[in-house]
Number of protein chains: 2
Amino acid sequence: MKRKEDYYKIRSEILKAMAHPSRLFIIEEISKGERCVCELTDMIGADISTVSKHLSVLKKAGIVTDRKQGTTIFYRLRVECIMDFMNCIDNVMKANAETNINAVKCCKC
Amino acid sequence: MKRKEDYYKIRSEILKAMAHPSRLFIIEEISKGERCVCELTDMIGADISTVSKHLSVLKKAGIVTDRKQGTTIFYRLRVECIMDFMNCIDNVMKANAETNINAVKCCKC
DNA sequence: GTTTTATTTGGCTAATTTGCCAATTATGAA
DNA sequence: TTCATAATTGGCAAATTAGCCAAATAAAAC
């Protein structure tokens with residue numbers, strides 16, 4: 001079934017867009033409110049072109065949107081649940097820390 | 001703050017482990033119950049060594065665990081919330097489909 | 001119009017990931 | 001012990017991703 005494969009492909013592209021330390025930082029930061037490229041660049045400490053490219057990856061995946069005000073572009077989350085969603089990742093991390101447990105129950109995700 | 005950076009790094013590694021079509025398929029499939037490497041290999045249609053490597057990526061990230069029975073190794077999810085978690089990804093996909101909407105509300109994640 | 005500030009895009013190299021094949025390990029059966 | 005089955009590991013080439021610099025675009029200030 002070709003349909004099903006495409007579905008996993010698209011899903012994986014959204015996940016891949018999130019799967020980078022700087023992009024996770026951006027997601028967390030803009031979940032607190034709109035931020036412009038230069039603010040994020042200062043916080044991340046990479047080249048502005050690098051940060052701009054990270055933002056375009058997130059935008060292409062549909063995770064963020066932007067708004068232009070003069071020469072400044074503000075980014076914000078497009079889908080509200082993204083942050084709650086991180087709780088599940090954190091449950092995996094917690095489970096990894098306590099490696100003696102096998103099956104981990106969790107909530108809030 | 002070095003601590004915070006490490007945190008994003010680890011989070012991104014868990015997400016990266018999930019961000020592949022075959023690995024997403026595996027996650028969904030074993031969420032229904034234990035599956036051995038050969039069963040998953042038949043379903044995916046890739047070389048068994050490829051599937052084995054995908055499983056080791058998921059295992060290393062703490063997403064799955066395994067159980068040996070004779071020569072067969074059964075894999076299962078290690079963290080229960082992983083599947084609910086996919087709902088949020090699907091909300092992003094839905095939002096991408098209806099591109100005229102900007103901020104998307106969602107639940108169940 | 002020219003300059004300044006904010007951001008994006010192109011191009012390049014380095015690093016990482018993917019997937020196959022061949023070889024290896026491990027267990028159970030003959 | 002030898003053979004067969006299940007799975008993992010090593011190694012390699014192809015594809016993708018990351019991050020920097022330089023150049024281009026866009027809007028506002030002078």
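Throughout, protein chains are lettered first and strands after them, A, B, ... in sequence-line order, and every chain is numbered starting at 1.
In plain terms, the two heavy atoms of B:V79 and B:G62 that are nearest each other are CG2-O, 4.0 Å.
Considering only residues two or more places apart in sequence or on other chains, B:S52 meets the side-chain contact (heavy atoms from CB on, under 4.5 Å) condition with none of them. Take A:S56 and apply the side-chain contact (heavy atoms from CB on, under 4.5 Å) test, not counting sequence neighbours, and it matches no residue. Residues satisfying the side chain to side chain donor-acceptor pair (under 3.5 Å) test with B:D47, not counting sequence neighbours, are B:S49. A search for salt bridge (charged side-chain N to carboxylate O under 4.0 Å, His left out) contacts involving A:R23 returns nothing, not counting sequence neighbours. Every residue meeting the salt bridge (charged side-chain N to carboxylate O under 4.0 Å, His left out) condition with A:E13, not counting sequence neighbours, appears here in chain and number order: A:K9. Considering only residues two or more places apart in sequence or on other chains, B:V37 meets the side-chain contact (heavy atoms from CB on, under 4.5 Å) condition with B:T41, B:I48, B:V51, B:L55, B:Y75. For B:K32, the salt bridge (charged side-chain N to carboxylate O under 4.0 Å, His left out) test picks out B:E29, with sequence neighbours left out. By the side-chain contact (heavy atoms from CB on, under 4.5 Å) test, A:T71 is found to be paired with no residue, residues two or more places apart in sequence or in another chain being considered. With sequence neighbours excluded, no residue satisfies salt bridge (charged side-chain N to carboxylate O under 4.0 Å, His left out) with B:K60.
The residue B:F74 sits apart from the nucleic acid: no heavy atom pair falls under 4.0 Å. Note on B:I73: only backbone sugar-phosphate atoms sit closer than 4.0 angstrom, heavy atoms only; bases stay farther off.
Ring geometry for A:Y8 versus B:F25: interplanar angle over 60°, hence perpendicular rather than tilted (30 to 60°).
In the 5' to 3' direction, nucleotides of DNA chain D lying under 4.0 Å from heavy atoms of chain A begin and end at D:dT17 to D:dA28.
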Original post:
In B/S/- notation, 5' to 3', how is nucleotides 18-30 of chain C contacted by protein heavy atoms closer than 4.0 Å?
Top reply: SSBBB---SBS--
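Rounded to 10 degrees, the angle separating the terminal helix axes of the helix from C:dG1-D:dC30 to C:dA30-D:dT1, each built from five base pairs, is 10°.
Rounded to whole Å, atom C1' of C:dT7 lies 14 Å from atom CG of A:D42. Rounded to an integer number of Å, the gap from A:Y75 OH to C:dT7 C1' is 8 Å. Distance, B:E13 CD to C:dA15 C1': 14 Å, rounded to whole Å. Distance A:R35 CZ to C:dA6 P: 17 Å, rounded to the nearest Å.
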